[in-house]
Amino acid sequence: MATSLARISRRCVTPSLSSNLIRRYFAAEAVAVATTEAPKPKSEVTPSPDRAKWDYRGQRQIIPLGQWLPKVAVDAYVAPNVVLAGQVTVWDGSSVWNGAVLRGDLNKITLGFCSNVQERCVVHAAWSSPTGLPAETLIDRYVTVGAYSLLRSCTIEPECIIGQHSILMEGSLVETRSILEAGSVVPPGRRIPSGELWGGNPARFIRALTNEETLEIPKLAVAINHLSGDYFSEFLPYSTVYLEVEKFKKSLGIAV
């Protein structure tokens, strides 16, 4: 009788002990997984906020076409994002500002001494002029060409001011010591006489310039030339260094 009771008690107790052991084992495993630290992500190289952020762009500033290579004087300032293509000559003391395009693929473009072509201007030339006048674009000395202007196969004589957003068409001529108001449009073959102020679309005579106004024209060109000197001292010749910088950034995992 006692033997049979012992067998029954063993059958009842053993499964409960084994199940308790299994529960304890899985509970310990769950605690161990919960307390284990999550794997740290791979460290990424982040640039320091104090580091200068240079703009290494792959835009070509000088574009030779055939046998023609743009010529820039040593002391002329040409902004890094300017495009000079083909038969372009930039003389001493002159300046070409940000975003301007001088496209001498069809004919010559000349920027004279101490003249300036300001932001986002487009200067180009045609094969020939329908008026029979020279098709090349000539900007003589001490000339200020305002921002966003368009010049095509025109001639601007010394000491002139071209207001911003102006358009000079093929064969147009602006004689010395003249001023065009902002937004003026000079039709093909139109001549702006010396010492006069013109404006409008198409450009019309407004009045004669005073002696004081004509004396201020070259002073403006000289002032912009002095300002370009400050930019010239900070000018970084990008060359092809941006390619090496991009490779270095990619090797460090930095987005280019």
Side-chain angles (χ1 to χ4, degrees), residues 55-158 160-162 164-174 180 185-190 221 224-225 228 231-232 235-243:
D55 186 9
Y56 296 98
R57 286 188 287 184
Q59 177 174 313
R60 295 175 61 191
Q61 185 182 39
I62 304 296
I63 301 178
L65 295 174
Q67 61 179 333
W68 305 108
L69 176 68
K71 300 176 182 178
V72 181
V74 176
D75 61 343
Y77 170 70
V78 178
N81 58 344
V82 167
V83 175
L84 307 178
Q87 308 174 61
V88 178
T89 303
V90 180
W91 286 100
D92 308 73
S94 57
S95 57
V96 186
W97 295 82
N98 302 310
V101 177
L102 279 68
R103 183 166 62 85
D105 49 0
L106 302 180
N107 221 317
K108 296 179 181 179
I109 294 175
T110 303
L111 181 62
F113 173 77
C114 204
S115 293
N116 60 88
V117 174
Q118 298 180 10
E119 291 82 1
R120 302 292 179 181
C121 288
V122 177
V123 183
H124 57 111
W127 283 112
S128 60
S129 174
T131 60
L133 298 173
E136 64 182 68
T137 300
L138 172 62
I139 304 172
D140 217 314
R141 61 187 184 276
Y142 296 107
V143 174
T144 297
V145 180
Y148 293 91
S149 294
L150 170 62
L151 280 62
R152 177 176 171 84
S153 296
C154 60
T155 300
I156 305 175
E157 293 185 350
C160 292
I161 295 177
I162 308 300
Q164 57 186 350
H165 289 273
S166 294
I167 300 176
L168 278 68
M169 304 297 288
E170 294 90 342
S172 56
L173 170 63
V174 181
L180 273 178
V185 178
V186 182
R190 180 67 58 85
I224 295 176
N225 178 34
S228 68
Y231 284 84
F232 190 81
F235 176 69
L236 175 66
Y238 288 100
S239 176
T240 57
V241 70
Y242 72 95
L243 296 175

Search all heavy atoms of [X] against all heavy atoms of [Y] and return the closest pair with its distance.
| X | Y | value |
| --- | --- | --- |
| M169 | P187 | CB-C, 3.9 Å |
| N116 | L111 | N-CD1, 4.4 Å |
| A125 | N107 | CB-CB, 3.5 Å |
| A126 | S153 | N-OG, 2.7 Å |
| I109 | V123 | CD1-O, 3.3 Å |
| V174 | C160 | CG1-SG, 3.8 Å |

Pairwise salt bridge (Lys or Arg N to Asp or Glu O under 4.0 Å) hits with a residue in residues 70-92, at least two apart: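 Residue pairs passing salt bridge (Lys or Arg N to Asp or Glu O under 4.0 Å), neighbours aside: none found.
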Chi angles and distances behind the side chain to side chain contact (heavy atoms under 4.5 Å, CB included) call for Y148, Q164: CA-CA 6 Å; Y148 293 91; Q164 57 186 350; 5.5 Å; no
Student check: side-chain heavy atoms of V82 and V117 closer than 4.5 Å: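 No - every pair of side-chain heavy atoms lies 4.5 Å or more apart.
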Any side-chain heavy-atom pair of L69 and I62 under 4.5 Å: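 L69 reaches I62 side chain to side chain.
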Partners meeting salt bridge (charged side-chain N to carboxylate O under 4.0 Å, His left out) with R152 (sequence neighbours left out):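 Applying salt bridge (charged side-chain N to carboxylate O under 4.0 Å, His left out) to R152 gives E170.
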Residues in salt bridge (charged side-chain N to carboxylate O under 4.0 Å, His left out) contact with R103, at least two apart in sequence or another chain: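 Only D105 meet the salt bridge (charged side-chain N to carboxylate O under 4.0 Å, His left out) criterion with R103.
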Name of the residue among V145, L168, I161, I167 meeting side chain to side chain contact (heavy atoms under 4.5 Å, CB included) with L180: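 Among V145, L168, I161, I167, the one that satisfies the side chain to side chain contact (heavy atoms under 4.5 Å, CB included) with L180 is L168.
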Under the side-chain hydrogen bond (donor to acceptor under 3.5 Å, both in side chains) test, residues paired with S166 that sit two or more places apart: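 With neighbours one apart ignored, the set is empty.
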A100 backbone acceptor or donor facing Q118 side chain under 3.5 Å: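 Looks like no, no N/O pair under 3.5 Å.
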Side-chain donor/acceptor of S115 to backbone N/O of Y142, under 3.5 Å: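 Checking the backbone N and O of Y142 against the side chain of S115, a donor-acceptor pair under 3.5 Å is found.
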Set of ring pair (Phe, Tyr, Trp, His ring centres under 6.0 Å) partners for W91, sequence neighbours left out: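 Expected list: none.
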Those residues that, when tested against H124, pass ring pair (Phe, Tyr, Trp, His ring centres under 6.0 Å) (two or more places apart):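 By the ring pair (Phe, Tyr, Trp, His ring centres under 6.0 Å) rule, H124 matches no residue at all.
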Separation of T110 OG1 from I156 CD1 (nearest 0.5 Å):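 Output value for this atom pair is 12.0 Å.
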Spacing of C154 atom SG and I162 atom CD1 [to the nearest 0.5 Å]: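 Answer for the SG-CD1 pair, C154 versus I162, is 7.5 Å.
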CA sep, side-chain torsions, deciding dist, call: C121, W97, side chain to side chain contact (heavy atoms under 4.5 Å, CB included): CA-CA 9 Å; C121 288; W97 295 82; over 6 Å; no
